[in-house]
Trainee: 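Shown below is the structure under consideration.
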Amino acid sequence: MARILLGVSGGIAAYKTLEFTRLAIKAGHVVRVVQTPDSEHFVGRSSYEGITGAPVLINQFEADPAGGVFQDQERPAHDPIAHLELVANCDVYLLAPASANTIAKVSAGMADNMVTALALTCRKPLIVAPAMNNDMYLSAATRENIETLRRRGVTVLDPGTGELASKGEYGVGRLPEPQELLDAVERAIAGGAEYAPRSLDGLKLLVSAGGTREPIDEVRFVGNRSSGKMGFAIADQAAARGAEVTVVAANVALARNPAVSYVNVSTAAELEAAVREHFIATDALIMAAAVADFTPAAPSEGKIKKAGREGMEIELVATNDVLKGLKDLRREGQVVVGFAAEAGEALLPEAQRKLESKGLDMIVANDIADPTIGFEVDANQVTLITAGGEPERPPRGTKSQIASVILDRVEALLRPAASQSAAEGSRRV
Ligand SMILES: Cc1cc2nc3c(=O)[nH]c(=O)nc-3n(C[C@H](O)[C@H](O)[C@H](O)COP(=O)(O)O)c2cc1C
C-alpha cells in the first residue's frame with residue numbers, strides 16, 4: 001500500500017485520472033487529490049472526492065479539512081499547512097495530466113497554486129505525465145522545461161503518440177493510460193528514491209581544461225603537460241550536481257560527457273576568446289587549464305627546415321592574462337576560481353599572490369614537485385586558498401574526489417547564505 005498524491009492540471013486528459021484513481025484504490029493504495037483552479041474546467045472536484053472519500057484541495061490558502069493526512073492516518077489535533085503536510089505524508093507525487101503551463105511553472109520553481117507549491121516542496125519521487133496538443137509538446141519551451149525537470153531527477157513519462165483527447169487532434173502528447181500511470185507510480189515507490197533537487201541546479205559553470213599549444217610553425221608548438229583530467233573531472237561532477245556546464249577544452253584527448261558542452265580550442269588566444277564569450281552568462285568560472293604565458297612572436301608558415309641550421313632562436317612574447325582580463329566583464333556574484341602550479345616552497349606564496357592580483361575567489365594550488373600527483377596522473381593533492389581564508393589541504397585523492405571538494409567550496413561561495421543554513425540543519429519550507 002502506498003499513499004499517492006495526485007496533482008491534476010488543466011488538460012482534456014484529466015478525465016483519465018478518474019479511472020487511474022479508481023484503479024489505484026482497487027490495487028490497495030490510498031489516494032489524495034489536489035487540482036489547479038483551471039483543471040476544474042475539465043473535471044470537477046466532486047468526482048475525485050467521491051472516488052477517494054477525501055476532500056480535494058484547490059486553494060492553497062484554505063486549510064485542509066482532512067488535516068493534511070491520508071485516509072489511513074490519524075488526523076492531527078492542529079491544522080497544519082496543507083502543502084507541507086501532504087507531501088510529507090505521501091509516498092509519491094504524480095502530476096497527471098501535467099499541462100504545458102504547469103510544467104513550465106514547476107520547472108521555473110513557481111508555487112502559485114496548490115499543485116505547483118506541492119511540487120516545489122516535494123522530496124518524494126515526483127512523476128510528471130505531460131498531456132497536451134502535439135505542437136505544445138514539441139515547442140522548444142516545453143521541451144526545455146521537460147529537460148530541466150529530468151536533469152533535476154524528476155521522472156517525466158513519455159506521452160503516447162496517436163489520437164489525442166481533443167477532437168481531430170493527432171500526434172504526440174497523449175496521456176499514458178490509467179494502468180500505465182499506476183505502473184509508473186508503483187515502479188517509483190519500489191525504487192524508493194527520494195526526489196532531491198541537485199545542489200547546482202539552475203546554475204551555469206564554465207570550466208577550462210587541458211593545455212594550450214602555441215605554434216612555432218605549422219607542425220611544432222610550445223605546449224605543456226596538462227592532460228585536462230582535473231578540469232574534465234570538475235565538469236563531470238558539476239553536471240552530475242545539476243549545473244549546465246561548458247568546458248573550454250584545450251587539446252584534451254579524453255572521452256566527452258554527453259551532459260556537458262565542449263568548445264575545443266588550441267592556443268591561448270583561442271582559449272581567451274572562448275572564455276570571454278561564455279563568461280558573461282556563467283555563474284562560476286573554474287580555470288583549470290594550463291594556459292601558455294608566452295607564445296612565438298612570429299609563427300612560420302609551413303615547416304621550418306633543418307637544412308643548413310646550426311640551431312635556432314624563437315622569440316616569445318607574453319600572452320594575455322585571461323583571468324586578469326576578465327575583471328572588466330565580471331558581474332557581482334560571479335565566482336572565479338584559478339589554479340596555480342608551482343614547485344615546493346614557492347607554491348603557497350605564489351598562489352596567494354595570484355589570488356590577490358587576479359581578484360579570484362579561490363585558488364587551487366598544485367605542487368608540481370611531487371611526480372605522483374598532478375600532470376597526467378589520476379591522483380592529486382591540492383591546497384585551497386580562498387580570499388581572506390586560511391589555506392585548506394584536503395586529503396590526497398583521485399581527481400574526481402578532489403573535484404568534489406573543489407565544487408563543495410564553489411557552492412559555498414555561490415550561495416553563502418544557503419550553505420550556512422544547510423550547515424545549521426535548518427528546515428526548508
Ligand atoms: C478546451 C481546452 C483544452 C485544453 N487542453 C490542454 C491540454 O490537453 N494540455 C495542456 O497543456 N493545456 C491544455 N489547455 C490549456 C490549459 O488549460 C491552460 O494553459 C491552463 O491555463 C492550464 O492551467 P493549469 O496548468 O494551472 O492547470 C486547454 C485549454 C482548453 C480551453
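The first residue of the sequence shown is numbered 1, and numbering continues consecutively from there. One-based numbering, in listed order, for ligands and for the atoms of each.
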Trainee: More than 12 heavy atoms of other residues, nucleotides or ligands under 6.0 Å from CG of L138: yes or no?
Mentor: yes
Trainee: Is it the case that the side chains of S400 and Q237 hold a donor-acceptor pair, with the cut-off being a distance below 3.5 Å and no angle test?
Mentor: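 Indeed, the side chains of Q237 and S400 share at least one donor-acceptor pair under 3.5 Å.
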Trainee: Under a 4.0 Å heavy-atom cut-off, which residues neighbour ligand 1?
Mentor: S9, G10, G11, I12, T36, D38, F42, S99, A100, N101, T102, A131, M132, M136
Trainee: Return each pair, listed once, that meets side-chain hydrogen bond (donor to acceptor under 3.5 Å, both in side chains) where at least one residue sits in residues 44-59; pairs must be two or more places apart or across chains.
Mentor: T17-Y48
Trainee: Restricting to non-hydrogen atoms, name the atom on E214 and the atom on P296 that form the minimum distance, rounded to 0.1 Å.
Mentor: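 That would be CB-CD, 3.5 Å.
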Trainee: With a 3.5 Å cut-off and no angle check, do the side chains of N145 and R150 form a donor-acceptor pair?
Mentor: no
Trainee: Side chains of Q35 and S39: do they bring a donor and an acceptor to under 3.5 Å?
Mentor: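 Present: a donor and an acceptor within the cut-off.
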